[in-house]
Amino acid sequence: MENNYNNINSVYALMDCNQFYVSCERAFNPFLENKPVGVLSNNDGCLVALSPELKAMGITRGMPGFKVKEMLQKQGKYVYLFSSNYELYGDMSSRVMKIARDTAIDIEIYSIDEAFLLLDGIQPFNSYTQYAETLRTKIKKSTGIPVSIGIAKTKTLAKIANKIAKKTKSGVFDLTTLSEDEIHKLLKSVKVEDIWGIGRQHNKRLRKNGIYTAYDFINCNQEWVKKEMSIVGEKTQLELKGIPCSELEKEIPNPKSIVCSRSFGRPVTQYIELAESISLFCTKAIKRLRKKNHVAKTLHIFITTNPFNSGSQYANFTQANLINYSAYTPDFIKLAISLLEKIYKPGYAYKKSGVMITNMIPEDRIYPDLFYSRYGDDNRDKVMKLVDKINKQYDKDIIFFASNGIKKSWSMKREMISSRFTTRWTELPIVKAK
DNA sequence: TCTGGGGTCCTAGGACCC
DNA sequence: TCTGGGGTCCTAGGACCC
């Protein structure tokens with residue numbers, strides 16, 4: 001393995017916010033404490049975050065919101081469901097991450113609610129456990145978000161330690177204090193599908209071969225693992241044995257693709273509505289592209305009917321390249337509409353559409369072309385940046401493309417959304433004095 | 001009535017080049 | 001009858017993550 005440059009003495013922590021979305025809702029609404037609370041995906045679709053009280057009712061992640069309501073109503077139980085409020089969650093996440101960054105040696109922000117921390121050499125704590133407990137208290141006090149922290153010699157083991165930490169009262173679990181025998185004993189209680197990097201397919205294959213626990217897995221033949229699960233599986237196995245194969249990724253790598261897609265709030269049959277949605281998703285995707293200071297060349301679009309319906313089905317996707325790299329929204333909208341004309345078929349009830357941008361490079365790596373001025377040399381990027389600035393200032397898209405539509409009656413549903421307490425002046429929480 | 005969205009990495013196989 | 005071999009690049013598909 002090429003892990004000779006990985007420090008074998010490193011110590012990693014995985015910090016994970018407990019039921020993050022639910023915790024964000026509770027942070028601004030203490031009434032929800034100890035009550036069954038759930039947060040739904042976009043379009044008020046499936047449950048993506050559940051409070052322990054809701055889990056205790058037998059509800060699981062991924063269940064459709066309407067089914068949950070139905071089920072619990074029959075049992076005479078009440079549940080507090082929320083639409084997802086990504087603006088709030090994103091802002092709460094940066095607050096939590098900032099505190100972690102300020103105290104750890106180094107940090108890799110892994111997702112909206114998770115971060116790996118590098119801990120070896122941390123001062124002035126007596127133990128990693130003591131550090132983690134201090135961090136946990138600090139985050140809870142300043143943001144209201146409860147976190148769990150698992151500590152180990154590799155990231156994969158830290159993930160396992162974190163799962164154990166979630167079940168303890170202290171919310172912290174340190175694998176580095178255990179002997180190898182004790183770790184092995186523990187790995188016998190970890191199901192193979194609970195290992196980071198082992199999903200449904202690998203789980204199935206491993207079980208077929210009599211491998212049920214993390215302990216079984218580390219005792220597999222390494223060559224066999226590589227053959228069956230590629231180098232990714234091999235690294236996972238080594239990491240479980242305590243050999244680090246994955247370092248902290250400190251720098252945010254250049255993004256490779258941007259996707260913007262949504263299900264519609266109702267079936268869409270009109271071409272014009274489909275075109276509006278594609279145009280709007282293009283606008284959103286290219287805005288994100290500019291925010292990352294990138295330009296792109298390839299655009300993909302797709303449309304699909306509802307696979308859960310019994311009616312006639314149609315789905316199609318296609319892609320095309322711009323002549324030149326660009327971050328100029330109209331370039332993409334024009335191309336997108338011409339692509340849609342090619343794949344659109346009348347007579348279907350469409351459920352979802354989307355766009356994807358690939359072939360992305362940083363803005364400053366673009367070379368001038370003989371025949372086309374480069375993005376940035378003309379006024380087009382200045383216009384786009386001005387539009388971005390104005391829209392940001394006004395907290396909403398007051399300048400938009402007519403092709404995005406005005407009524408947008410096909411938009412996704414978000415009927416149970418909480419306020420954006422921390423990012424909009426008009427939605428600040430109100431504290432009443434007695 | 002109502003079933004999410006946004007990403008990454010690896011591999012195999014084909015096209016193409018010399 | 002005999003019909004190369006090696007490298008690179010691209011794409012599609014499959015796996016995973018949150």
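Computed from a prediction, not measured in an experiment: that's the story for all the values here. Per chain, numbering begins at 1; letters A, B, ... match sequence-line order.
- Of the candidates B:dT8, C:dA15, B:dG7, the closest approach to any side-chain atom of A:I258 belongs to B:dG7.
- Taking CG of A:L119 as the reference point, atom CD1 of A:I151 lies at 6.0 Å (rounded to 0.5 Å).
- In this structure, A:N43 atom CG and B:dT1 atom C1' are separated by 12 Å, rounded to whole Å.
- Among the protein residues, A:K352 comes within range of the sugar-phosphate backbone only, with heavy atoms under 4.0 Å from sugar or phosphate atoms but none that close to a base.
- Nucleic acid contact for A:I198: sugar-phosphate only, since backbone atoms but no base atoms lie under 4.0 Å from a heavy atom of the residue.
- Of the candidates B:dC2, B:dG4, C:dC17, B:dC2 carries the atom nearest the A:F66 side chain, counting heavy atoms from C-beta on.
- The side chain of A:R288 has B:dG7 as its nearest neighbour among B:dC2, C:dC17, B:dG7.
- In terms of position on DNA chain B, the residue among A:S257 and A:R262 whose nearest nucleotide sits closer to the 5' end is A:R262.
- Contact check on A:D102 versus A:K98 returns a salt bridge, with a Lys/Arg side-chain nitrogen under 4.0 Å from an Asp/Glu carboxylate oxygen.
- Distance, A:M356 CE to B:dT8 P: 10 Å, rounded to whole Å.
- Rounded to a whole Å, the NZ atom of A:K235 is 10 Å from the C1' atom of B:dC9.
- Which of B:dC10, B:dG5, C:dA12 sits closest to the side chain of A:V232 comes down to B:dC10.
- Residue A:H202 places its side chain closer to C:dA15 than to any other of B:dG4, C:dA15, B:dT3.
- Listed candidates were C:dC18, B:dG4, B:dT3. Nearest to the side chain of A:S263 is B:dG4.
- The closest side-chain heavy-atom distance from A:W224 to A:N209 is below 4.5 Å.
- Residue A:E228 is out of contact with every strand shown, counting any heavy-atom pair closer than 4.0 Å.
- Between the side chain of A:S84 and the backbone N or O of A:L40, at least one donor-acceptor pair lies under 3.5 Å.
- Under 4.0 angstrom from either OP1 or OP2 of B:dG6 there lies at least one side-chain N or O belonging to A:S261.
- Here the rule is side-chain contact (heavy atoms from CB on, under 4.5 Å) with A:Y12, and of A:L118, A:L175, A:T156, A:D120 only A:L118 fits it.
- Whole-Å rounding puts the A:D44 CG to B:dT3 C1' distance at 12 Å.
- Note: CZ (A:R61) to C1' (B:dG4) measures 10 Å, nearest angstrom.
- Side-chain atoms of A:R205 lie closest to C:dA15 of the nucleotides C:dC18, C:dA15, B:dC10.
- Taking a pair to require two hydrogen-bonding distances under 3.5 Å in either a Watson-Crick or a G-U wobble arrangement, C:dG7 pairs with B:dC16.
- Out of B:dG6, C:dC18, C:dA12, the shortest distance to the side chain of A:K159 is found at C:dC18.
- In this structure, A:K284 places its NZ atom 18 Å from C1' of B:dG7, rounding to the nearest Å.
- You'll find that the side chain of A:V259 is closest to B:dG7, out of B:dG7, C:dC18, B:dT3.
- Looking at heavy-atom distances under 4.0 Å, A:R266 makes no contact with the nucleic acid at all.
- Across the protein-nucleic acid pair, A:K204 atom NZ and C:dG14 atom P stand 13 Å apart, rounded to whole Å.
- Toward the 5' end of DNA chain B, the nearer of the two residues A:P267 and A:P255, judged by each one's closest nucleotide, is A:P267.
- When distances are taken from the side chain of A:C260 to each of B:dG5, C:dC17, B:dG6, the shortest belongs to B:dG6.
- In this structure, A:L117 and A:I107 have side chains that are in contact, with non-hydrogen atoms separated by less than 4.5 Å.
- The CE atom of A:M416 sits 4.5 Å away from the OG atom of A:S83 when rounded to the nearest 0.5 Å.
- Put simply, CG on A:D113 is 9 Å from P on C:dC18, counting in whole angstrom units.
- Contact check, A:K351 against B:dC2: no side-chain N or O comes under 4.0 Å of OP1 or OP2.
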